[in-house]
Every structure is written in C-alpha cells, then in structure tokens.
> 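Structure provided below as structure tokens; questions to follow.
Values in this document were obtained by computation on a predicted structure and should not be read as measured data. What's counted below: heavy atoms across the whole structure, side chains too, no hydrogens, waters or symmetry copies.
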Amino acid sequence: MQRWNSTRQMKSAQALSVRFYHDHSYGYREPRKFTLPDYSPSQLENRTVNAPLLRYVDSLRTHGHRAARIDPLDLLQREEIAALDPTRYGLVDQGRKYNINGIVWTQPVGVDTETPVEWTLENITRHLRTVYVGRIAYEYMHSPSKTERLWFSHLLESEIASSEATDRNHKAKERIHGLLARSETFDQFLQLKFPNLKRYGLEGGESMLPALDALFCISARAGVEHIIIGMPHRGRLNLLTGLLEYPPRALFHKIKGNYEIPEQLGASGDVISHLVSSPSLTYEGAKQPVKVSLLPNPSHLEAISPVALGKTRAKQFSLLKTVSDPNDCFPGDKVMCVQLHGDASFTGQGVVMEGLGLSNLPHYTVGGSVHIVVNNSIGYTTPASGARSSLYCSDIGKMINAPVLHVNGDYPEDVARAVEVAFKYRNYFRKDVIIDLIVYRRWGHNELDEPAFTQPLMYEKIRSRRSVPSLYEEQLINENIITAESATSLRSSYKAFLNDELSEADSYVPKASMLEKQWNGIVWPATPEAVRNPDTGVDIQTLKDIGKASIYFPESFEIHSRLTRHVNNRLKAVESGRNIDWATAEALAFGSLMLEGHDVRISGQDVGRGTFSQRHAMLVDQRTEKVIVPLNSALESEGKLELANSSLSEMGILGFEYGVSWEKPNILPIWEAQFGDFFNGAQVIIDTFISSAETKWLKQSGIVMLLPHGLDGAGPEHSSSHFERFLQLSNDGFEFTKHSRDVNVHIVFPTTPAQYFHLLRRQMKRNFRKPLIVAGPKGLLRLPAASSLLEDMTPGTQFQNGRTGRTLEAPLLSFVSRSLVHSPLLLWQRFCQSTPMPQKSSGHKRSHAIRELSLMFRSELMPSWVTWSSAVEWGTEVARRTPSLLRV
C-alpha cells in the first residue's frame with residue numbers, strides 16, 4: 001500500500017502535457033527546442049532560506065504590469081497593488097542585505113551565477129521596479145514552462161543590471177526620429193492635399209513604424225530572409241511609403257481615382273487601405289537583405305491573419321526542399337510571420353483564436369509569429385469596457401500561454417526595446433509572442449469622423465497633447481543628438497519630395513507583378529494563351545503502380561483488421577482496371593501529380609482517414625500508433641503528400657490553406673470540410689478571398705474546396721452544401737453568348753470517380769490557377785454503379801463537362817423523385833444517386849415510381865455552357881415526359 005502511494009505521488013509531480021501522437025509523416029515539423037539548466041543545489045537552498053524574498057520577487061514579476069506606466073493617456077483605472085509591497089512578506093528593513101543567488105538574476109544566460117551576490121532590499125526593489133514597473137510591462141509568469149520563465153527573468157533582469165537595455169546609439173535614435181517625422185509630415189500632407197480622404201492615418205500611433213523597423217532589423221541580423229505581414233487599414237499608407245518603399249506617386253495616382261493595376265487586365269482593383277508592397281530591405285549587420293511582403297487584406301478585420309500564416313508555412317517548405325538536411329531548416333529559421341492587429345478586433349474576432357490555436361500544431365506551425373496590437377483603447381466608437389471582458393486586449397493570447405509585452409507608445413525607444421525582447425523570445429522558443437503597443441487615435445475611425453460624439457473626455461485629452469514625433473524630436477534636441485534646424489530641414493525636404501511625387505501622379509503607369517519569380521510560367525486567365533481543359537490522362541501502368549503504392553505498408557506494420565478489405569479491393573480494382581471508386585481515383589490523382597513534381601496538401605478535420613472512412617491515405621500501426629503515408633513511402637517522387645488533420649476550425653483552416661495557394665502554383669492545396677454545409681463557418685474567406693482576390697489584387701489561387709455529403713440529404717445541416725451561394729458569388733452571366741470563360745471560380749458536382757480524377761489534375765495541368773469548389777458525394781463513394789474504368793483516366797482523356805440524352809433505366813432511379821427537386825439547376829446532376837439500395841432486413845430492392853428518365857447531364861455548373869432559355873425548354877420537356885416528378 002505504501003509503495004502504491006509513493007508511485008501515485010511521483011506521477012502527480014510530473015508535468016502535464018498533450019497526448020503525443022506518433023505522426024511524423026511529411027509536413028510534421030517541430031520547432032527547435034531550447035532549454036535552460038535547472039537551479040543548482042546552492043540556489044535551491046538559498047531560495048528556501050530566503051523564501052519571503054523569493055515570494056516578493058515573484059510577485060513583482062507576476063503583478064508588476066498592473067502598476068506599470070504603459071498608458072499614454074493615463075486612462076487605465078488602476079488600483080493599488082498590495083502584492084508589490086515588501087512588508088506583506090515580512091521584509092521591512094530596507095538596508096538589510098540578502099543573498100540573491102537563484103532569486104534575482106544579474107548575469108545573462110550561460111554565465112556562472114554560483115558566486116554569492118548580496119544586495120540590500122532597497123537595491124532589489126529599485127532594480128526590479130525598473131524592470132517590471134516601467135514603461136514596458138511584461139506578462140510571462142503565466143507560462144507553464146519553467147524554462148521560458150527563467151529565460152525571461154534572466155534576460156530582463158541581467159540586461160537592466162548591465163545597462164544594455166538603455167544603450168541605443170545616436171544613429172539608431174536619428175533613424176527613429178526620421179521615421180516618426182516623415183510619418184507625421186506624410187499625414188499632414190495628405191490632409192492638406194486631400195482633405196476629404198479617408199486615409200486611416202497613424203497619428204497618435206506613429207511608434208508602430210520604429211517597432212516594425214526594429215523588428216525587420218533584428219530579424220535580418222538573425223538570418224531571417226523573408227517576412228510575411230498581415231495587417232489592417234490603420235497606418236497602412238504610412239508603412240507603405242515610410243518603410244516598404246511604395247512610391248508616393250503610385251498612391252497619389254490611386255487617390256485621384258485611377259487604377260493601381262493595368263486597366264487592360266480587366267480587374268477591378270481595391271481601395272487605398274488595401275494596397276501592397278514587397279521590397280527587399282537592407283540593414284547594417286545583416287548578411288543579406290530581408291524580403292518583406294505586405295499581403296493584400298480585405299476590410300474584414302483579422303481575416304488576413306490565417307492567410308499570412310499559410311503563406312509563411314508554404315514559403316518555409318519551399319526553402320526546406322532546397323536543403324539536404326531538414327535539420328538545417330527548422331520552421332522560423334528563414335521565414336517569419338508578422339501579424340498586426342487592432343485592439344478591438346484582436347479581442348472580438350473569433351478567427352484570432354483559431355489562428356492562435358494553430359500556432360503550435362505540427363502541420364501548421366510557422367515557428368512563431370510576432371503579433372503587434374496597435375492598441376487605440378477604442379474600437380470605432382466602442383471603449384475598451386464595452387469591447388472585451390478582460391483587463392487587456394492581449395489576454396486572448398494566454399490560451400496558448402503566449403508572453404505579452406505591453407509598451408507605452410509615447411516612448412519610441414522603449415517600443416524598439418520591447419520588439420527586440422519579443423523577437424529574441426520568438427527566435428529561442430519558436431512560439432508566438434504578443435506586443436501590446438498602447439497608443440491613441442488622434443482622429444476618429446477615419447479623418448472625417450467626429451469621435452467626441454461618444455468619447456468627449458478622451459478626445460479632450462488627446463487634442464491637448466503634443467504629437468509623439470514632436471515630443472521625441474524635442475528629446476533628441478535636448479540630448480544634442482539633432483538640432484532644431486536639422487529637424488525642420490528633414491520635414492521640409494520630405495514635404496518637397498511628396499510635392500514632386502504628386503506632380504508625377506498623373507503620368508504614373510501602374511505595372512502588374514503577379515506572375516514573377518515562382519509564378520513565372522503561369523499566364524493571366526483572360527488571355528488567349530490560357531489552356532482551359534488540358535489532357536489530364538496518365539499512362540495506365542503508371543496508374544496501376546500508383547494504386548498499389550497507395551496501400552503499401554511494411555510487413556512489420558500492423559494495420560487495422562477492417563482495412564484488409566480496403567487494401568484487397570483496391571488491389572483488385574487497379575489490377576483489373578474496373579470498379580475504380582472515388583478514394584482510389586483521388587489517390588491516383590494525388591500520386592500522378594506527385595510524380596510530376598507537384599506537392600499535394602490536404603487539410604481539414606479527419607482528412608487522413610476521410611469523413612466517411614473512405615480515404616485511408618494514412619495508416620496507423622495498431623500497436624505503436626506510428627503513422628505512415630503510403631504514397632510518400634512507396635512512390636519515389638519529387639512531390640510529397642501532406643495530410644494535415646486540423647483543429648476544429650473552418651475559417652482559420654480555409655484561410656491558412658488559401659495562403660498556401662498564394663505562395664506557389666505547383667502545390668495543390670485542398671481544404672475538406674467535415675461536412676459540406678459546414679463551409680459557412682468560413683464564409684468570410686470565401687467572399688473576400690476565394691471569389692474576389694483575382695479581380696481585386698491579381699492574385700491567382702488553385703485552392704480546392706471539397707464539400708463532402710454535398711447533396712445527399714441527411715438532415716438540415718448535411719444536405720445541400722448551399723451551392724446556390726457559390727453560384728451567386730460567381731461572375732458568370734449564365735448566357736453563353738455573353739459570358740466569359742474567365743470566371744472567378746469553378747463550381748463542380750462530379751458524378752464519377754474519373755471526373756473527379758481529371759478535375760484534381762486539371763488544377764495543376766492548366767497554365768493558370770482558379771479556385772475549385774467540389775460538391776462531394778457520400779452515397780456514391782462506394783457505389784458500384786458510380787465507379788469508373790482505368791481507361792477513363794488514360795492519355796487522351798480529360799474532364800467532360802456536359803452530355804445530353806443519357807437514358808437511365810431502373811435500377812438507377814431509386815432516389816430521383818426526392819433528390820431532383822432540391823434545385824432545378826442541379827436536375828442533371830443527380831442521376832448517379834439513383835441506384836437502388838438493398839433493404840437491410842429483407843435484401844429486396846426498393847420499388848421505383850419512375851422507370852426511365854432522359855437527362856441533360858453536367859458536372860460543371862460554373863462556368864456555365866448552356867443558355868437559360870434552352871435549360872427551361874429542356875426542363876419543360878422532362879416534366880411533360882415524366883409527370884410523376886410533378887407529384888414529388
């Protein structure tokens with residue numbers, strides 16, 4: 001009994017962790033690990049002897065942020081923090097000396113700390129309040145990782161002790177001043193020249209620019225080569241022209257009502273607050289320039305965040321393929337994701353939580369994102385008290401135990417310091433970190449808005465304040481770093497530069513850069529060079545080899561006993577060339593694309609097995625839970641298949657996969673909904689990216705949306721995939737004589753495995769990219785009447801859109817009466833679901849009210865190929881010949 005108790009106590013002392021699943025298949029990537037040594041015996045002894053001091057020190061680390069001076073407007077209502085009073089811990093003698101070894105850190109990580117150091121209580125208090133109760137406030141003590149807590153306390157306390165944190169040279173200060181002064185001059189220039197423009201300026205939040213500049217600089221010096229940025233509208237124009245080398249003349253050209261893209265492309269363009277730039281920036285001390293890509297964003301706040309994550313990961317995997325050893329390229333080594341947020345949206349938009357939830361998942365991690373919340377303490381007109389239920393807008397990040405650095409935006413040097421600490425954490429631990437940049441918004445939601453209608457006291461305070469650039473300028477003049485004359489000259493010269501750029505705006509000719517670098521070889525879909533329906537067939541022996549490879553597993557690998565039938569049926573089908581079902585056709589499409597050098601990534605809930613237990617693209621050893629992906633194991637292909645079983649998220653995951661599709665055209669990214677109707681949780685991504693990105697931003701995408709159980713009718717939420725919504729989002733005029741083949745999306749309902757095979761291959765074999773929406777079946781997955789022949793997939797074959805006059809006789813009519821009426825547009829789609837199903841009790845087949853039906857059969861609803869008038873005439877004829885349909 002005593003032994004049982006000791007074992008139980010030992011187990012209870014072990015740290016809790018998530019259950020480990022042995023999925024080390026392609027794409028499974030874990031970030032680098034970083035550890036710190038534990039406390040030494042002498043340190044542990046000292047922590048016991050001086051336990052009251054330890055409690056006091058940890059209270060300052062834990063609660064110091066609540067007393068920190070981080071609000072530039074001083075509007076935060078703060079109560080007295082009793083935990084910061086040393087007398088609560090019996091520490092009353094300020095002159096008493098204490099051994100601080102193992103309690104307060106005065107040396108950086110890796111330096112010997114065994115030598116006893118004695119400080120007075122007064123010195124300890126002064127030192128720690130300088131660190132934790134200043135203009136930067138740190139929240140890291142909530143982390144369950146002892147290593148991360150130790151790392152922060154080592155770094156912060158030792159650097160303050162050595163004055164390293166305050167040592168910023170004259171050149172760095174002059175750069176900060178230049179960024180601030182030019183940003184303010186830029187906003188004033190736009191206000192003067194375009195007084196009715198909604199520019200969503202940065203006034204009040206100018207410290208965002210030194211924050212990003214410091215982040216770009218330290219990351220470039222650390223070897224980061226690419227930075228992917230997702231951000232909203234606030235301050236975007238300042239960032240574009242102030243740091244990202246966007247020509248002001250191009251901006252003025254757009255403001256004057258012109259296009260930012262060549263008009264001959266026939267695209268619509270977007271508003272000025274969604275403009276983009278992708279320069280290569282050079283920083284002193286960096287071995288090479290860092291490529292910074294600001295992604296286009298919709299007006300839906302935070303929707304760009306998962307897209308930025310997906311593009312970042314795809315970029316990382318592109319680089320991974322260029323190295324011989326995967327350990328030379330961990331997530332986050334060369335590519336970093338930076339996400340900018342507003343305080344109200346960071347708390348209010350659920351996609352933020354979805355994105356944070358992906359941060360440490362092996363098939364989604366990017367090695368840590370840096371989040372910068374530009375915190376105005378107001379969302380449109382809603383104050384913080386009405387915008388969130390937490391103390392800070394950043395508290396959502398605690399769901400993943402992310403550390404938070406709150407910093408007062410009135411002090412740009414402190415802002416830069418906070419960014420540098422945040423990057424160091426991200427680079428050591430490859431986890432997300434949050435910077436809460438607390439600033440204010442000098443005007444309303446836009447410059448034409450009157451904020452004092454709802455926040456009179458806040459804006460009375462704001463309007464009485466000098467600007468951040470002018471305050472910092474005065475500081476540098478007093479420090480003899482710059483002169484008043486040089487400051488005035490900087491502003492004057494930049495204003496003159498803007499005037500020159502404005503004079504060139506009318507003659508500016510925009511360029512299209514969407515088909516450069518990795519997109520070279522892809523054509524614009526509206527051009528005659530676009531190949532719309534290429535030959536997508538594959539040699540029959542290759543198909544047989546792929547089919548066998550798709551169910552390969554080693555002899556020592558024990559698959560589930562019920563999968564033996566799956567393996568045998570597939571082998572039999574590919575050998576005979578008959579009865580190819582949907583899952584087999586899909587595997588043949590994946591494998592053939594992989595052999596041609598394309599990567600395939602399929603993401604969603606249960607994608608490895610398949611929603612209806614039909615895919616089994618991954619196999620799990622029943623003894624060890626080790627995972628293998630047969631196509632990767634057995635095919636010697638350049639392309640790889642990544643099966644990314646996802647979290648229970650729609651908008652975040654679809655946005656992520658869409659971002660993958662933006663990075664490179666030679667990857668087939670697929671998002672599979674758990675059930676087709678569930679896509680509406682990701683409607684914002686569909687509306688603002690998938691259906692419109694090409695015309696707004698010239699961004700092509702080969703994303704595939706698979707909607708299982710598309711029209712099989714199993715209840716209100718498992719019955720329709722709401723195809724009418726996709727049809728409404730399409731830009732096809734439906735009249736054949738008027739519409740262009742260059743539609744924004746392709747909407748399909750394939751009714752045979754061969755059609756599905758050709759559709760997937762067509763996505764990669766075309767010389768352009770289009771989103772593909774697929775209503776997938778359930779009833780047809782294993783239906784013999786809906787199977788295909790291998791010869792339907794051989795050279796010379798391709799996707800067949802429409803056929804007319806096909807006559808169906810019993811037994812292919814069991815479901816027709818109830819299913820055809822779901823949508824007149826889909827009448828010709830339903831014939832394959834008409835096969836009789838055996839009754840489980842007696843084995844007799846169901847009776848059929850309809851004996852024969854002639855259908856006009858289509859698999860692709862968009863782009864349309866039949867005129868509305870002809871469809872009506874045909875439907876009338878069908879109703880005349882089959883009056884029983886009218887009684888359904």
> Angle class for the H371/F346 ring planes (parallel below 30°, perpendicular above 60°, tilted otherwise)?
tilted
> Once you measure the plane-to-plane angle for Y200 and H445, does it fall in the parallel (<30°), tilted (30-60°) or perpendicular (>60°) bin?
perpendicular
> Which distance, rounded to the nearest 0.5 Å, do you find between the CZ of R601 and the CZ of F656?
5.0 Å
> Applying the ring pair (Phe, Tyr, Trp, His ring centres under 6.0 Å) criterion to F317, which one of Y26, Y364, F330 satisfies it?
Y26
> Do Q605 and E650 have side-chain atoms, one donor and one acceptor, less than 3.5 Å apart?
yes
> Please check if the side chain of R766 supplies one atom and the backbone of A530 the other of a donor-acceptor pair under 3.5 Å.
no
> Is a side-chain donor-acceptor pair under 3.5 Å present for E302 with H300?
no
> Do you know which two heavy atoms are closest between G368 and D432, and how far apart they sit?
CA-OD1, 3.6 Å
> Keeping N744 on the side-chain end and N731 on the backbone end, is there a donor-acceptor pair under 3.5 Å?
yes
> Given 3.5 Å as the limit, does a donor-acceptor pair link the side chain of K431 with the main chain of I400, or not?
no
> How about CD on E638, more than 12 heavy atoms from neighbouring residues, nucleotides or ligands closer than 6.0 Å, or not?
no
> F726 vs F723 aromatic rings, parallel, tilted or perpendicular, using cut-offs 30° and 60°?
perpendicular
> Just say parallel, tilted or perpendicular for the rings of W697 and W662, cut-offs at 30° and 60°.
perpendicular
> Looking at T347 and C393, would you say the former's side chain and the latter's main chain have a donor-acceptor pair under 3.5 Å?
yes
> Given side-chain contact (heavy atoms from CB on, under 4.5 Å), test L212 with L243 step by step and report yes or no.
CA-CA 9 Å; L212 289 171; L243 262 179; 4.2 Å; yes
> Would you please say whether a donor-acceptor pair under 3.5 Å links the side chains of S183 and E206?
no
> When you measure from the side chain of N632 to the backbone N and O of L641, does any donor-acceptor pair fall under 3.5 Å?
yes
> Between L295 and V276, is a side-chain contact (heavy atoms from CB on, under 4.5 Å) present by the stated rule, with each step listed?
CA-CA 6 Å; L295 302 184; V276 299; 5.7 Å; no
> Does I773 form a side-chain contact (heavy atoms from CB on, under 4.5 Å) with L707? I'd like the steps, not just the answer.
CA-CA 8 Å; I773 317 298; L707 308 178; 3.9 Å; yes
